[in-house]
Structure formats: structure tokens, C-alpha cells
Amino acid sequence: MMTGTRRRSITLLSAVALFGLACVLSSLLLRQQAAAELAKAGQTLHRLISQRADQHDAHLTSLSALVQAADPAPIATVEQVAASITRFYPRIVGIDVVDLATTPPASLLDVTDPAIVAAEAAQASGATVRTRAIDDGTKLLLVKRALTDGVGHYAIALVIDIARLAASDVALPEGARAELGLAEHAQAGKKAAFSADIASRTQPLRLSLATTVPRWPTPPPAFLIVAALLTALGALLVDRLLEARARASEAARKAALAAQDARLAHAGRVNAMGELASGIAHELTQPLTAILSHAQAGQRLVQRPGVEPATLAPALDAIARNAKRAGEILGRLRAWISKSEPDLEIVDLAELAREVAHLLTTGALPAGSSLKVENDGSRPLVRADRVQLEQVVFNLGRNGLDAVAEAKGERIVTIAVATEAGQAVLSVADSGPGLPPDAQARLFEPFFTTKPGGLGLGLALCNRLIERFGGTLDGGNAAAGGAVFSCRLPLAAEAIRREAAE
Ligand code: ADP
């Protein structure tokens, strides 16, 4: 079962992990969004610059056509056209015509360094435009050679401001910066967020967009607050849910335990009923066996020829006595179960001991065993229910006989009646093996037995009955060997006096 603290810390850790994940995802999303915006702006700018480059080509072509229109070139007209071009296209900061026929070459509009223009023109054939960076890379110089009569006398030069060429009304995403330059000058290895070559055959330019957006952009504070609140709320809900589930499973476990308890208790009751029924059967076995054996003896007698009816009398007496005893046992058991008061009378303990000994010896005794009754000469009278007291002595005697059945040497059970210290004492001693070690403490526990077919009810019942008569029952091992059980009962006079006092 998960403890509350453990569950809480797991939920808290999961919430923190979830919050972290939300931040990482949001950062990734922001990065993707920034990259997409940058790419879009880059493409727009790329398209615009490509168009502008085409315009440069167009201007160079028209100026070269104008230069070729007459010989010598109509410089005043060219100058006028150049002035209107630079007015309309502020990125074109200068237009020049260089006479290549003179030495050194001469700048006719005095805008560029004629030596540089001539050097570029020397490498350009009629149709090709040469492009180079000037003024520390802030400007581009485009040079086209104009052919007059097939001979290149003049070169047309355009000076373009790179910053203006790359300028646009289209707003770049926040933190983005456009860089435009000759492709061959672009720094190798420097990875721009967006980079593309301008689609111009004559001007090998490359546009790059750099951005200051960090690799892992921080999500906006509002997002962080909402995410933190949501994860906290989620964690709280999950915690409550887990707690409710834990409680439900605990309740189910308790219910299952309770059901099991109830089942066990029921089984216990059923068992106890069974034991009680067996106990009753156990008590009745002896008188019924006696009745059976006397009836069989009677049958045998009757079958003999010339038998006197009087000879049947002892057998019939024994049958009647045992049947009465069985009836009484049942009656007393019923009375005991219904907790009605015992039928108290003055009982002569010595006489009762003899009667029980007679009952015990009527059945078959274990082979080689004997039972004797001893009396110190006193005749202790006790106040008890006769049948119940008989039952006690009978049980103790039978236990003694059971015990001697296992004895190796002498097999004798002695029932002794005496008066000691103003008490009536009846003890049953045997020459058996004695009480097993673990039995001493549990003798009077119901259902405690060490016998294979035992019920463990005999001694519990004896103890209860003796206590009812105000006495005590003790069991132990005798010094000479074997077990000895002693019932101590108040003498009748004393019992009556005590009852009167109560
Ligand atoms: P049960 O005779 O059905 O076993 P009891 O309550 O009469 O039930 O006896 C309980 C147990 O006490 C016996 O199983 C036995 O171990 C022990 N016991 C009783 N009497 C004697 C005896 N005389 N000698 C040895 N053990 C005895």
C-alpha cells in the first residue's frame, strides 16, 4: 500500500516534470514559429532583391544602348538619364561612363574610379556584367562594356548602395537582421537562420538573415503562470483521485477481511455445534453400550432352557438404570444449555464414587487394568447435583482408564475420597504416562485433546460443573508417575451455611 507522503511526493515530482515538459514544448514551438516567420520574410525579401537586380540589368542595357547611339557618345543625354534614374532609384547612388580608349581611361561623369571600372571592363565581354564590392563592402559596382562598331570604347558603371538594396517595407521578424553581399565573400561555416542566392545571372549576391532569437526561447510569462497553475491544479486533482482510490481499496480490503471473519465465525459456530452434538453422543455412548450388553446378556439367558425369570432381573435392572441415566444426562444437558439451576441435593461422595466405579467397570475395562475406590474412613457430604457430579467422576475415571491403556507396567486407576482441611476431596489417580507437557496449561480448554478420536470437552465440562458446586478441579502429574485429578468441594454443612450467608 502506498503511503500518503510517498504518493504526494510522486505527484509533486510528476507535476514538476510535466511543467518542465510544457516549457520545453512551448520553447520548441516558439523556435519553430520564429524559424517559419524568418523563412517567410527571407523569401519575400529575396524576391524583392531579385527583381531589383533585374532592374539593374535593365538600366545597364538601356544606358549602354544610349551610349552606342552616337559616336562620340551623347554624354549630356546620358547624364540626364542617369540623373533621373538615381532620382527614382535611391539605392543607385551613382552612374558613370568610362572612356576606355584614352590612356589612362577617363571617367566622363566623374563618379567612379575609372581605373577600377576599366579593370573590370577588361574582364567583361560585351554581354556580361561584372560585379564587385567597393567602399569596404558597403557598395556594389556593376560594370558593363558598351560596344561601338564592335569595339568596346566605353564602359557603363552603376554604384549600388547595398543597405538600400536590401531595405524593404516588409517588416522583418523581431531580432532578425538582413545581410546582403557577394556570394563569394559569404563567410563559409557561418550558419545563418535563412540564406539564399539572389536569382540573377549577372549579380552573384547572397541574402542571409540572422536572428537574435535564442536557441531555446523563454516562453512568455503569461504562459508560464498559466502552465504552473494548470499543473498545480492537475496535481491536486490527481492527488485527490489517488487518495480516493487508496481509500476505496482500503475499504474493499477491510470489507473482504470482515467477510472472511464472518465466514470464519460461522464456520466456528458450525464446528462448535458439531462438537457439542458429538459431545452429547459421547456422553450417551456409555449408558447405551451398557443397555446393549445387558439386553444381549438377557437374550442369551432367555434362550437357555428352564431359565428362571428371576435370573433376568439384574440385567433388566441394569438396563432400566442405564436408560434412566441416559435420560438424566440428556435432561441435565438440556438444563445446562438452557442455564437453568442445577438440582442440588446432599450427596455422599464416598457412595457416589463407588457407584461410578461400578458404572465404569460394567463396560469392558482395558486389558489388564483395574479400578479401585479408597476411603480414609470419613463420609464427606457435599451439596451438588448428583447426576452432574457422577458425570465428573465418570469422566475423570474414564480418562484414567484411557491413560493406563497405554501404560507399560501396572494399569490401575484409583478413586480416593477423603476429608482434608474442612473440604471434601475426591481424587482420581492413574498409573498411566501422565499429562503431556503442553497439556497442563490447557487441560480445561474446550476442544483441547491429544487423543486421535478425542473431543476435548470432558475436562472443560468437569471444571465447569465443579465450579458450579463451589469447588475447584486441579490436574497434574503425581510424583510417583501418572496423572492425578482432584476435586475439592465444600462440605455440605459449610456449603449450606455459605448459601444462607449469601
Ligand atoms: P478427551 O478425553 O476427549 O481428549 P478431555 O478434556 O477429557 O478430552 O482431556 C483433554 C486432554 O487432557 C486429553 O486429550 C489428554 O491429553 C489429557 N488428559 C486428560 N486426562 C489425562 C490422564 N489421566 N492422563 C494423561 N493425560 C490426560
Side-chain angles (χ1 to χ4, degrees), residues 268 271-290 325 329 332-333 336-337 352-353 356-357 359-361 363-374 387-417 425-469 471-488:
N271 279 343
M273 285 290 293
E275 299 289 8
L276 195 69
S278 319
I280 295 167
H282 184 69
E283 296 300 332
L284 290 178
T285 306
Q286 198 279 329
L288 288 177
T289 315
R325 186 176 147 68
I329 288 173
R332 300 299 169 180
L333 263 171
W336 185 47
I337 289 165
L352 182 133
V356 172
L359 277 173
L360 282 166
T361 45
L365 285 179
S369 54
S370 60
L371 186 130
K372 64 176 179 179
V373 179
E374 282 177 359
V387 178
Q388 289 181 348
L389 196 54
E390 271 177 10
Q391 238 175 295
V392 172
V393 182
F394 187 87
N395 274 342
L396 294 177
R398 204 181 46 206
N399 273 350
L401 287 170
D402 284 350
V404 295
E406 301 165 23
K408 298 253 159 54
E410 197 188 19
R411 294 178 171 182
I412 183 157
V413 176
T414 310
I415 302 178
V417 177
V425 182
L426 181 145
S427 58
V428 180
D430 63 66
S431 60
L435 299 171
D438 62 328
Q440 298 241 8
R442 306 181 57 196
L443 282 178
F444 305 126
E445 217 174 80
F447 308 122
F448 169 75
T449 180
T450 59
K451 299 176 192 169
L455 288 169
L457 283 172
L459 287 178
L461 188 66
C462 291
N463 190 39
R464 195 158 153 193
L465 292 175
I466 291 295
E467 278 177 357
R468 270 187 168 194
F469 307 144
T472 56
L473 175 62
D474 296 303
N477 286 327
V484 55
F485 285 84
S486 303
C487 310
R488 285 168 199 281

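Just so you know, ligand 1 is whichever comes first in the structure, and atom 1 is the first atom listed for that ligand. Predicted model only: the values in this text are computed from it and were never measured.
- Distances below 4.0 Å separate heavy atoms of Leu443 from the following atoms of ligand 1: 12 (O).
- Contact atoms of ligand 1 toward Leu435: 18 (N), 21 (C), 25 (C), 26 (N), 27 (C) (distance under 4.0 Å to a heavy atom of the residue).
- Between Phe485 and ligand 1 there is a heavy-atom distance shorter than 4.0 Å.
- Across the listed options Val484, Asp430, Leu396, Leu461, Asp430 owns the non-hydrogen atom lying nearest to atom 23 (N) of ligand 1.
- No side-chain heavy atom of Asn399 sits under 4.5 Å from any side-chain heavy atom of Phe485.
- Of all heavy-atom pairs between Leu284 and Pro287, the closest is O-CD, 3.3 Å.
- For the pair Leu459/Asn395, no side-chain contact is recorded, criterion being any heavy-atom separation below 4.5 Å from C-beta on.
- Heavy-atom contacts of Ala483 reach the following atoms of ligand 1: 22 (C), 23 (N), 24 (N) (cutoff under 4.0 Å).
- Neither the backbone nor the side chain of Asn395 has any atom closer than 4.0 Å to an atom of ligand 1 (non-hydrogen atoms only).
- The shortest side-chain heavy-atom distance between Asp430 and Thr414 does not fall under the 4.5 Å cut-off.
- Close contacts between ligand 1 and Ala403 involve ligand atoms 22 (C), 23 (N), 24 (N) [criterion: under 4.0 Å to a heavy atom].
- By the 4.5 Å heavy-atom criterion applied to side chains, Ile415 and Leu426 are counted as neighbours.
- Every atom of ligand 1 is numbered from 1 in the order shown, and the set under 4.0 Å from a heavy atom of Thr449 is 1 (P), 4 (O), 14 (O).
- By the 4.5 Å heavy-atom criterion applied to side chains, Phe394 and Arg325 are counted as neighbours.
- Closest approach of Leu401 to Ser369, counting heavy atoms only: CD2-OG, 4.5 Å.
- Note on ligand 1: Gly434 sits in its first shell, one or more heavy atoms being nearer than 4.0 Å.
- Taking distance alone, with nitrogen or oxygen atoms compared against 3.5 Å, Leu459 approaches ligand 1 more closely than that limit.
- Within the listing of ligand 1, atoms 6 (O), 7 (O) sit less than 4.0 angstrom from a heavy atom of Gly458.
- At a threshold of 4.5 Å between non-hydrogen side-chain atoms, the residues Leu396 and Leu473 count as touching.
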